[in-house]
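Structure first, commentary second.
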Number of protein chains: 2
Amino acid sequence: MKATKWTKKPLEPNWFRAEEEKSVADKVYDQLRRQIVTLQRRPRDPLREKLLVDEFGTSRTPVREACLRLQRDDLVCITPKSGTFVAPIWIPLVLDAHFLRMAAETAVIKELSVKISDEQVAELADIVERQIEARKANELAVFGRLDELFHSNLYEFAGHPHARRAVERQKVHWDRIRYVAIPDMQHTSEVIHDHNAIVEALQKRDPVLAERAVVEHLRTLPDYLEGLSRSRPELFETKM
Amino acid sequence: MKATKWTKKPLEPNWFRAEEEKSVADKVYDQLRRQIVTLQRRPRDPLREKLLVDEFGTSRTPVREACLRLQRDDLVCITPKSGTFVAPIWIPLVLDAHFLRMAAETAVIKELSVKISDEQVAELADIVERQIEARKANELAVFGRLDELFHSNLYEFAGHPHARRAVERQKVHWDRIRYVAIPDMQHTSEVIHDHNAIVEALQKRDPVLAERAVVEHLRTLPDYLEGLSRSRPELFETKM
DNA sequence: GTGAAATATCTAGTATACTAGATTTGCATT
DNA sequence: AATGCAAATCTAGTATACTAGATATTTCAC
């Protein structure tokens with residue numbers, strides 16, 4: 001057995017594995033994350049590894065990996081030898097998530113408004129149509145998913161899917177806020193109005209108008225946050 | 001022993017632990033990351049857990065944790081039951097890292113140019129001064145650190161440190177490119193010129209001029225990447 | 001020699017055991 | 001009852017063992 005044979009690299013490892021079966025750790029992560037974002041687990045709740053192990057029926061390793069990932073997402077705080085806790089909603093983090101989203105999406109829309117295709121405009125218009133229907137049917141969950149789709153399509157069409165990923169990693173903090181106060185009917189009405197304005201600006205291929213529409217769409221969020229943090233202070237943390 | 005006692009939350013866990021001693025896993029992560037970014041470990045090199053364990057003198061667990069974090073950073077590819085490899089430099093990822101940085105930094109500079117203090121302008125000017133000295137002394141490492149400091153100060157002064165974090169997490173892919181071709185003297189000269197333009201615009205509190213200066217500073221990078229990927233194709237990967 | 005099946009070996013994912021340190025509990029003393 | 005202190009107990013970090021599956025090597029028929 002020649003040593004050199006063992007050190008040579010594989011010719012072509014699977015860099016782009018199409019389908020990836022989820023590991024146990026991934027499933028635990030997904031579920032815990034969902035629970036935290038939806039406030040089923042609330043800020044400052046302890047996350048006892050032992051209980052999670054019993055709940056998920058796994059060993060400590062996948063649970064621990066999930067918690068470590070959540071820590072990197074700023075969704076849990078881990079204090080060695082002490083405990084793991086659901087992180088409070090850090091206001092500076094939410095504000096910066098919003099700032100980053102605003103910055104990225106205005107840049108995206110400026111690029112997009114000069115190169116978007118007719119088919120893509122039609123697809124965005126179709127999403128807004130379906131949002132109107134979801135609003136009529138009072139299906140807020142569907143409405144939310146369509147909202148996600150609308151914005152992610154902006155990044156995809158502009159050719160910046162990875163920028164979207166980076167923005168979304170921060171956006172999780174904002175998502176948690178959406179569950180502090182479930183969006184009401186008036187809110188959905190405003191969203192539809194704003195989305196329509198964005199689609200129209202893109203249709204006209206007008207970068208200035210499009211940017212203004214995006215800014216308008218995202219403008220009100222910080223004030224909203226301010227109000228929420230006053231009415232539910234136990235969920236928030238101002239310094240970080 | 002009352003059950004209720006065991007479920008109550010700690011009054012005030014250490015959310016803001018000032019000093020955090022680094023775990024073994026953190027050290028392994030830092031070192032591996034540095035090796036990958038500086039191309040001491042090159043794209044497509046296998047990362048054998050056993051060898052790393054011997055090298056770092058730890059058990060598998062911290063090494064594995066480090067690799068998982070690197071995977072989330074898109075710096076390594078893990079194929080279950082097969083192997084772990086240093087990821088190629090994905091061009092779409094680098095371009096989007098650049099796009100995000102451009103978007104964030106133009107937004108930062110626009111905010112900053114209306115609220116920056118005289119002391120902060122002076123601090124930025126001082127950094128540029130020190131860059132000029134580093135250039136004269138031919139200290140490229142110092143120059144690079146000052147460059148980092150200049151840009152990170154923009155985020156700090158604008159009050160968006162967490163947005164900076166998100167941008168920097170992507171920027172690691174660009175950093176790897178800096179080691180494909182070490183920046184030369186001409187490059188440092190351009191950087192100093194651009195930084196001076198930014199400081200001057202901030203001094204005048206002129207948002208339009210400031211934004212233009214930032215765009216100008218970051219404008220040339222994609223073309224540079226194009227050239228590099230042609231001359232060193234073995235390090236890169238165009239599709240993702 | 002060539003090709004294919006059989007075998008050996010290595011891999012990452014998971015389970016479990018152990019450690020040191022932080023926190024809580026309970027008791028003794030006042 | 002209040003307080004200080006020691007023991008018990010829980011925690012996250014680390015080490016090790018085991019598994020299934022992917023890859024590499026060898027064997028063997030032809």
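Everything quoted here is computed from the prediction, not taken from an experiment. Throughout, protein chains are lettered first and strands after them, A, B, ... in sequence-line order, and every chain is numbered starting at 1.
Within the structure, a side-chain polar atom (N or O) of T84(B) is placed less than 4.0 Å from OP1 or OP2 of dA12(C). Considering only side-chain N and O atoms, S82(A) lies nowhere under 4.0 angstrom from the phosphate OP1 or OP2 of dA22(C). Contact annotation: T79(A) side-chain N/O to dT11(D) OP1/OP2 distance is not under 4.0 Å. Phosphate contact (OP1/OP2 of dT14(C), side-chain N/O of T61(A), threshold under 4.0 Å): absent.
Listed nucleotides dG13(D), dT14(C), dA12(C) differ in distance to I78(A); the shortest reach to its side chain belongs to dG13(D). Among dA22(C), dT11(C), dT14(D), the nucleotide with an atom closest to any side-chain atom of R48(B) is dT11(C). In this structure, the nucleotide among dG13(C), dA15(D), dA12(D) sitting nearest to the side chain of P62(B) is dA15(D). The nucleotide whose nearest atom lies closest to any side-chain atom of P80(A) is, among dT14(C), dA12(D), dT11(D), dA12(D). In this structure, of dA12(C), dT14(D), dT11(D), it is dA12(C) that holds the atom nearest to the side chain of R60(B). The K81(A) side chain lies nearest to dA20(C) when the options are dA15(D), dG21(D), dA20(C). Among dA15(C), dA12(D), dG13(C), the nucleotide with an atom closest to any side-chain atom of T58(A) is dA15(C).
For L68(A) and dA12(D), the CG to P distance is 10 Å, given to the nearest whole Å. Look at CD on E65(B): it is 14 Å from P on dT14(C), rounded to the nearest Å. The distance between atom CG of D54(B) and atom P of dT16(D), rounded to the nearest whole Å, is 12 Å. Taking atom CG of L70(A) as the reference point, atom P of dA12(D) lies 13 Å away to the nearest angstrom. Taking atom CD of E49(B) as the reference point, atom C1' of dA15(D) lies 13 Å away to the nearest angstrom. When the C1' atom of dT23(C) is taken as reference, atom CZ of F85(A) falls 10 Å away, rounded to whole Å. In this structure, CG of L52(B) is placed 16 Å from P of dC10(C), rounded to the nearest angstrom. Rounding to whole angstrom units, NZ of residue K50(B) and P of dT9(C) are separated by 15 Å.
The existence of a salt bridge linking K22(B) and D30(B) is confirmed by a sub-4.0 Å separation between a basic side-chain nitrogen and an acidic carboxylate oxygen. Here E65(B) does not pair with R69(A) in a salt bridge; the nearest charged N to carboxylate O distance is not below 4.0 Å. Between E55(B) and R48(B) there is no salt bridge, since no side-chain nitrogen of the basic residue lies less than 4.0 Å from a carboxylate oxygen of the acidic one. Electrostatic pairing of R130(A) and D126(A) counts as a salt bridge here, judged by a charged N lying under 4.0 Å from a carboxylate O. Between R72(A) and D73(B) there is a salt bridge, since a side-chain N of the basic residue sits under 4.0 Å from a carboxylate O of the acidic one.
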**Request:** Take D74(A) and H173(A) through the side-chain contact (heavy atoms from CB on, under 4.5 Å) test and state the conclusion after the steps.
**Result:** CA-CA 9 Å; D74(A) 293 311; H173(A) 299 286; 3.6 Å; yes
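For the helix from dG1(C)-dC30(D) to dT30(C)-dA1(D), the terminal axes (five pairs an end, C1' atoms, rotation from four pairs onto the next four) enclose an angle of 20°, given to 10 degrees.
Contact annotation: the side chain of H151(B) approaches that of H195(B) to within less than 4.5 Å [non-hydrogen atoms, C-beta and beyond]. Residues V86(A) and R42(A) have side chains not in contact (no heavy-atom distance under 4.5 Å, counting atoms from C-beta outward).
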